[in-house]
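Scroll down for the structure; my scribbles are underneath it.
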Amino acid sequence: MPELVLPTERVHASFLAAMDELREEGRGGADDASMIGRDIRLYAARWGGPEGFAQYVAGVRADALDTTPRPPGHVPSTTWWWVDGDVYLGRLALRHALNQRLLEWGGHIGYDVRPSARRRGHATAMLRAALPYAAELGIDPVLVTCDHDNVASRRVIERCGGVFEDRRAEKLRYWVPTTSRRPSD
């Protein structure tokens with residue numbers, strides 16, 4: 001049964017295969033502003049070996065700490081990997097706060113599913129599984145965005161209770177409740 005786990009070295013081989021799939025579909029190029037794109041550009045040359053992968057995992061986990069140095073405009077974020085045993089299926093990052101860029105473009109949550117695992121409900125399950133973590137951080141609701149032409153991602157967000165707010169440039173913006181609310185008595 002797939003589950004959200006903090007990045008772990010035990011899925012190394014499967015992670016590399018997933019990154020190869022993503023590169024085959026064009027991810028990682030200079031114009032790819034996603035988390036996956038950035039990581040492919042910055043770390044792919046190093047994460048093939050056990051030591052380089054361990055450093056990558058440690059760096060991703062450290063990004064959740066307020067004290068971790070990060071580039072200007074980046075906020076602390078917790079990343080989980082969606083795994084089934086030792087099989088890496090995808091990842092989800094929860095940004096702990098919004099800055100102006102994230103408010104307009106990126107939102108609190110970003111996620112990716114490896115191409116060979118798509119259309120099986122993994123993205124919906126990942127997003128649902130992450131909502132309680134957002135609530136623990138005091139974030140309610142979370143902002144989740146997607147490209148205006150990404151019908152699959154729109155459906156994921158809507159299945160998780162996302163309420164459409166607006167479109168800004170190429171991004172659709174949805175607010176997703178992280179806690180269930182009882183109707184007023």
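Being a predicted model, the structure only gives us computed values, none of them experimental.
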Heavy-atom pair with the smallest gap, counting every atom of [X] and [Y]:
{"X": "Ala18", "Y": "Tyr88", "result": "CB-CD2, 3.5 Å"}
{"X": "Val176", "Y": "Gly162", "result": "CG2-CA, 3.6 Å"}
{"X": "Val5", "Y": "Val83", "result": "CG2-CG2, 3.6 Å"}
{"X": "Gly110", "Y": "Met35", "result": "O-CE, 3.6 Å"}

Shared hydrophobic cluster for [X] and [Y] (ILVMFWY, side-chain gaps under 4.5 Å):
{"X": "Val57", "Y": "Leu6", "result": "no"}
{"X": "Val60", "Y": "Ile40", "result": "yes"}
{"X": "Leu65", "Y": "Ile139", "result": "no"}

Would you give the length of the straight line joining atom [atom1] of [X] to atom [atom2] of [Y], rounded to the nearest 0.5 angstrom?
{"X": "Leu22", "Y": "Met19", "atom1": "CG", "atom2": "CE", "answer": "5.0 Å"}
{"X": "Leu102", "Y": "Ile109", "atom1": "CG", "atom2": "CD1", "answer": "12.0 Å"}
{"X": "Ser153", "Y": "Arg155", "atom1": "OG", "atom2": "CZ", "answer": "11.5 Å"}
{"X": "Asp166", "Y": "Lys171", "atom1": "CG", "atom2": "NZ", "answer": "13.5 Å"}
{"X": "Ile157", "Y": "Cys146", "atom1": "CD1", "atom2": "SG", "answer": "4.0 Å"}
{"X": "Arg114", "Y": "Ile36", "atom1": "CZ", "atom2": "CD1", "answer": "11.0 Å"}

Side-chain touch [X]/[Y], heavy atoms, less than 4.5 angstrom:
{"X": "Arg46", "Y": "Tyr56", "answer": "no"}
{"X": "His108", "Y": "Trp175", "answer": "yes"}
{"X": "Val113", "Y": "Arg119", "answer": "no"}
{"X": "Tyr174", "Y": "Pro141", "answer": "no"}

Heavy-atom neighbours of Glu25 CD exceed 12 at 6.0 Å: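 Count over threshold, so yes.
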Basic-acidic side-chain contact under 4.0 Å: Arg167, Glu170: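 A salt bridge is present here (some side-chain N lies under 4.0 Å from a carboxylate O).
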Aromatic ring pairing Phe53/Phe15, orientation class (parallel under 30°, perpendicular over 60°, tilted between):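 Aromatic pair Phe53/Phe15 classed tilted.
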For the pair [X] (side chain) and [Y] (backbone), establish whether a donor and an acceptor sit closer than 3.5 Å, ignoring hydrogens and angles.
{"X": "Arg61", "Y": "Pro7", "answer": "yes"}
{"X": "His12", "Y": "Trp47", "answer": "yes"}
{"X": "Arg41", "Y": "Tyr43", "answer": "no"}
{"X": "Asn99", "Y": "Gly73", "answer": "yes"}

Determine all donor-acceptor pairs shorter than 3.5 Å in which one atom belongs to a side chain in residues 75-82; sequence neighbours excluded.
residue	atom	partner	partner atom	Å
Ser77	OG	Asp63	OD2	3.0
Thr78	OG1	His96	NE2	2.8
Trp82	NE1	His122	ND1	2.9

Any pair counted as salt bridge (Lys or Arg N to Asp or Glu O under 4.0 Å), so long as it reaches residues 85-98, sequence neighbours left out: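 Found Arg10-Asp86, Asp39-Arg91.
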Listing, residues 126-138 side-chain donor-acceptor contacts under 3.5 Å, not counting sequence neighbours, or none:
residue	atom	partner	partner atom	Å
Arg128	NH2	Arg159	O	3.0

